[in-house]
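One structure is given here, and the rest of the page talks about it.
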Amino acid sequence: MRKNIFPSLTTTTQLRINLAAIQHNYTLLKKQFMGEELAAVVKANAYGLGAQQVSQSLASIGCCHFFVATLDEGMKLRAHLPDHQYKIYVLNGMPPYSEKIFYEWRLTPVLNTYDQVKTWANLCTELDKKLPCNIHLDTGLNRLGLDEKNIRFLSQNPKILEDIDLQYWMTHLACSDQENHPMNTEQKERFMQHLAKLPKAKASLTASDGMLISPDFHFDMGRAGVALYGVNPHPNSKRNLKDVVELYAQILQVRDVKPEESVGYTASYTTKNPRKVAVVSCGYADGYFRSASNKAAMYINEHRCPVIGKISMDLTTIDVTDVPENLLHPGRAVEVFGRNNSLNDFANNAETIAYEVLTAISQRAQRIYS
Ligand SMILES: *Cc1c(COP(=O)(O)O)cnc(C)c1O
């Protein structure tokens, strides 16, 4: 008799992560690359989906390059991917005094300042080993990376690069979520101008969105993050990415609300006529943003159930007036995101982007891998 009942008695939300779909998305993107590498970006615990599970499943289909954000993430990932063939790059660069840890854990720093380049070169000299690194050139994002002045200095003093094993020149685009934004080409051209004046090495320009714009943006390695996790960075262009995540919660209680009554904190929603309301076991502490109150929707089978009232910490109230009675019982699973409800749609309602939605799904949601 447990049919249609939430599959766990003890947890209230469940994040289903389809590793086969992540593999499909990697293979799909990789097919567009002609001999160039495709790296997987697994920072922030693979956008909340589990760096170990995601990386190991991609490694099993031939992915050898992985990007994390921090040294700590790199060390954890190295423990799961101990073989030398797996390259782990740390995007946030090399904090002061950390260079030996990079060496000991076989992590490749993405050097973001001239000082970091110097520190790495000194370590190479000290150990008498050419150690691998990337160097990040800023081309207009004005975030991490060497600025124009330091790039010029490096191009005039290239000797420092003779001691290190430079893997990739890197840069990162500011506006590639918009396919036709003029900055995309401007940054690409600025990158190529810099490369022409610097010692030869492979180059890496773009994240998921840029690589989908055109092969001109591929260079020698792409860095795919969000597209692997099923989010189309250009929702208006058709891609064949497979959905990866589904978040389910359950009905805790169903109640009838009379006309002219309010629902939830701050009484932000008032009924005009009699409504049936389900209280669902998912709130902002699970990553269901309060800013989507009175805007987002959940689904019970194919029935759309608008969120009414404020989303609270552990609970959300949805309007189930039009849902058949036999689907409205405590323990009934409710789709928070998934087949009917894309992360992009929820993100729009919450006035954010799918990246933030993914990385905010809290540890309270039980992870189920398939
Ligand atoms: C996060 C990040 C990526 C991956 O971005 P997606 O848009 O998720 O594909 C690639 N490169 C850099 C430098 C990043 O910070």
Side-chain angles (χ1 to χ4, degrees), residues 21-22 25-26 28-30 32-33 36-51 54-55 58 63 65-71 73-74 77 87-94 107-113 116 133-146 167-179 181 183-184 187-188 191 202-214 217-235 237 239 241-245 343-344 347 352-361:
I22 296 179
N25 294 339
Y26 180 85
L28 183 85
L29 294 171
K30 173 88 191 192
Q32 307 177 9
F33 280 67
E36 306 97 356
E37 292 294 342
L38 181 60
V41 180
V42 294
K43 61 192 179 188
N45 196 26
Y47 296 39
L49 305 186
V54 169
S55 304
L58 289 174
C63 176
H65 300 263
F66 297 88
F67 280 85
V68 294
T70 67
L71 183 49
E73 289 177 357
L77 188 59
K87 312 292 180 212
I88 300 175
Y89 306 87
V90 178
L91 286 165
N92 282 7
M94 207 163 61
L107 302 173
T108 308
V110 176
L111 304 174
N112 289 318
T113 64
Q116 290 178 13
C133 64
N134 290 0
I135 298 180
H136 189 166
L137 310 176
D138 185 81
T139 52
L141 181 60
N142 278 310
R143 204 177 58 172
L144 292 173
L146 274 68
Q167 299 287 306
Y168 291 91
W169 295 110
M170 255 181 67
T171 195
H172 194 42
L173 301 174
C175 300
S176 42
D177 60 325
Q178 298 159 61
E179 291 170 85
H181 198 290
M183 257 187 97
N184 299 333
Q187 283 191 269
K188 175 170 74 80
F191 189 45
K202 287 181 283 184
S204 173
L205 171 77
T206 178
S208 303
D209 40 18
M211 73 184 68
L212 292 165
I213 296 175
S214 137
F217 287 78
H218 287 179
F219 287 74
D220 301 297
M221 181 164 70
R223 307 183 302 269
V226 85
L228 297 178
Y229 310 120
V231 176
N232 180 354
H234 308 122
S237 300
R239 319 279 187 210
L241 298 168
K242 277 195 181 156
D243 288 341
V244 169
V245 298
L343 289 165
N344 273 329
T352 181
I353 52 176
Y355 297 74
E356 193 180 10
V357 175
L358 272 179
T359 54
I361 297 170

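Both counts, for ligands and for their atoms, begin at 1 and track the order of listing.
- By the 30° and 60° cut-offs, the orientation of the rings of Tyr89 relative to His65 is parallel.
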Could you give the N/O to N/O pairs under 3.5 Å linking ligand 1 and the protein, each with its distance?
unit_1, atom_1, unit_2, atom_2, d
ligand 1, 7 (O), Tyr355, OH, 2.6
ligand 1, 8 (O), Tyr47, OH, 2.5
ligand 1, 8 (O), Val226, N, 2.7
ligand 1, 9 (O), Ser208, N, 2.9
ligand 1, 9 (O), Ser208, OG, 2.5
ligand 1, 9 (O), Gly225, N, 2.8
ligand 1, 9 (O), Val226, N, 3.4
ligand 1, 11 (N), Arg223, NE, 2.9
ligand 1, 11 (N), Arg223, NH2, 3.4
ligand 1, 15 (O), Lys43, NZ, 2.8

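- Considering only heavy atoms from C-beta on, Leu173 stays 4.5 Å or farther from Met183 through its side chain.
- Among residues two or more places apart in sequence or in another chain, the side chain to side chain donor-acceptor pair (under 3.5 Å) test is passed with Ser214 by none.
- Residues satisfying the side-chain contact (heavy atoms from CB on, under 4.5 Å) criterion with Ala224, sequence neighbours excluded, are Leu29, Leu38, Ser208, Met211, Leu228.
- Partners of Asp138 under the side chain to side chain donor-acceptor pair (under 3.5 Å) rule, at least two apart in sequence or in another chain, do not exist in this structure.
- Between Phe219 and Phe191, the ring center distance clears the sub-6.0 Å criterion.
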